[in-house]
Amino acid sequence: EWTKAELLRVQDLLIISLYYDHPLRLDYATLKVGKSEKNCIYKNMGKPRGWHIQLVEYKTGKTLGKQVFKPNTANQRLLNKFIPAVQHITDHDHLLTNQSGGKMSKQVLSKRLMSITKRRIGKAFSVQLLRILFAMQNRHILESAKEVSEKMLHSTEQSLLYSKKA
């Protein structure tokens, strides 16, 4: 049985861990718990098992469409403990909670992320900075994919279709 203070401490860890795995914009604040037609986080009992995050309404949603991804194993374990506690302690149906126990807004998530990183690292990191760092860390992958596409004179998506495992 967690207290609200304990929930908020674990939530800080979850926020950092989710951004390390998938550096989205501020869309984590929009996730409802349970399967729906909007942005949500739900547990799939069939294959593939585990927690899945579904994004429908996000900045590039009109272009890219609905996206569903599965958080890494560490986040799966964290979510298995965290989500039942959120559902027990709060009365909103969202993943993240603000200091007063209501659903967290994008603006509050942004400030929270900056305060967590300031406290833990000594410098406040915004979502934009985390996204830039993630892209920089994966720059070699991005550049080699671009090079392959340019040499074959088609899109990165088409290169991926050609290179699918048989």
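What you are looking at is a predicted structure, and each value in this text was computed from that prediction instead of being measured. The basis for the numbers below is simple: all heavy atoms, side chains too, and nothing from hydrogens, waters or symmetry mates.
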Quick one: pull up [atom1] in [X] and [atom2] in [Y] and give me the separation to the nearest 0.5 Å.
{"X": "I15", "Y": "L113", "atom1": "CD1", "atom2": "CG", "result": "7.0 Å"}
{"X": "D91", "Y": "K103", "atom1": "CG", "atom2": "NZ", "result": "13.0 Å"}
{"X": "D27", "Y": "L18", "atom1": "CG", "atom2": "CG", "result": "12.0 Å"}
{"X": "L133", "Y": "Y20", "atom1": "CG", "atom2": "OH", "result": "12.0 Å"}
{"X": "H92", "Y": "T97", "atom1": "NE2", "atom2": "OG1", "result": "3.0 Å"}
{"X": "Q107", "Y": "R112", "atom1": "CD", "atom2": "CZ", "result": "14.5 Å"}

Let me check something: do [X] and [Y] share a hydrophobic cluster, defined by ILVMFWY side-chain heavy atoms less than 4.5 Å apart, either directly or through other members?
{"X": "W51", "Y": "L7", "result": "yes"}
{"X": "M114", "Y": "V108", "result": "no"}
{"X": "L129", "Y": "I121", "result": "yes"}
{"X": "V56", "Y": "I41", "result": "no"}

Using modelled atom types and a 3.5 Å cut-off, is there a donor and acceptor pairing between side-chain atoms of [X] and backbone atoms of [Y]?
{"X": "Q54", "Y": "K66", "answer": "no"}
{"X": "Y19", "Y": "R25", "answer": "yes"}
{"X": "Y58", "Y": "G65", "answer": "yes"}
{"X": "S110", "Y": "K106", "answer": "no"}
{"X": "N39", "Y": "T30", "answer": "no"}
{"X": "H22", "Y": "L24", "answer": "no"}
{"X": "N138", "Y": "I141", "answer": "no"}
{"X": "D21", "Y": "S17", "answer": "no"}
{"X": "T60", "Y": "T63", "answer": "no"}

State, yes or no, whether a side-chain contact exists between [X] and [Y] at a heavy-atom distance under 4.5 Å.
{"X": "L64", "Y": "L55", "result": "no"}
{"X": "D93", "Y": "L31", "result": "no"}
{"X": "K38", "Y": "K32", "result": "no"}
{"X": "Q87", "Y": "I83", "result": "yes"}
{"X": "L8", "Y": "Q99", "result": "yes"}
{"X": "F125", "Y": "I116", "result": "no"}
{"X": "V68", "Y": "Y42", "result": "yes"}
{"X": "F82", "Y": "L13", "result": "no"}

Of all the heavy-atom pairs spanning [X] and [Y], show the shortest one and how long it is.
{"X": "G50", "Y": "K70", "value": "CA-CE, 4.4 Å"}
{"X": "T156", "Y": "A145", "value": "CG2-CB, 4.1 Å"}
{"X": "N44", "Y": "P48", "value": "ND2-O, 3.2 Å"}
{"X": "P71", "Y": "L79", "value": "CG-CD1, 4.1 Å"}
{"X": "C40", "Y": "G34", "value": "CB-O, 3.2 Å"}

Does [atom1] belonging to [X] count more than 12 external heavy atoms closer than 6.0 Å?
{"X": "R131", "atom1": "CZ", "answer": "yes"}
{"X": "R119", "atom1": "CZ", "answer": "yes"}
{"X": "E143", "atom1": "CD", "answer": "yes"}
{"X": "Q158", "atom1": "CD", "answer": "yes"}

Determine, stepwise, if the pair L95 / I53 fulfils side-chain contact (heavy atoms from CB on, under 4.5 Å). CA-CA 11 Å; L95 176 64; I53 294 174; 5.8 Å; no
Given side-chain contact (heavy atoms from CB on, under 4.5 Å), test Y28 with M104 step by step and report yes or no. CA-CA 9 Å; Y28 289 117; M104 186 180 282; over 6 Å; no
With side-chain hydrogen bond (donor to acceptor under 3.5 Å, both in side chains) as the criterion, how do N80 and K43 come out once you've worked through the C-alpha distance, each side chain's angles and the decisive distance to 0.1 Å? CA-CA 9 Å; N80 280 333; K43 193 164 193 174; 2.8 Å; yes
Evaluate R120 against D12 for salt bridge (charged side-chain N to carboxylate O under 4.0 Å, His left out), listing each step before the verdict. CA-CA 11 Å; R120 300 284 179 201; D12 286 353; 6.0 Å; no
Can you confirm if the aromatic rings of H52 and F69 lie within a centre distance of less than 6.0 Å? no
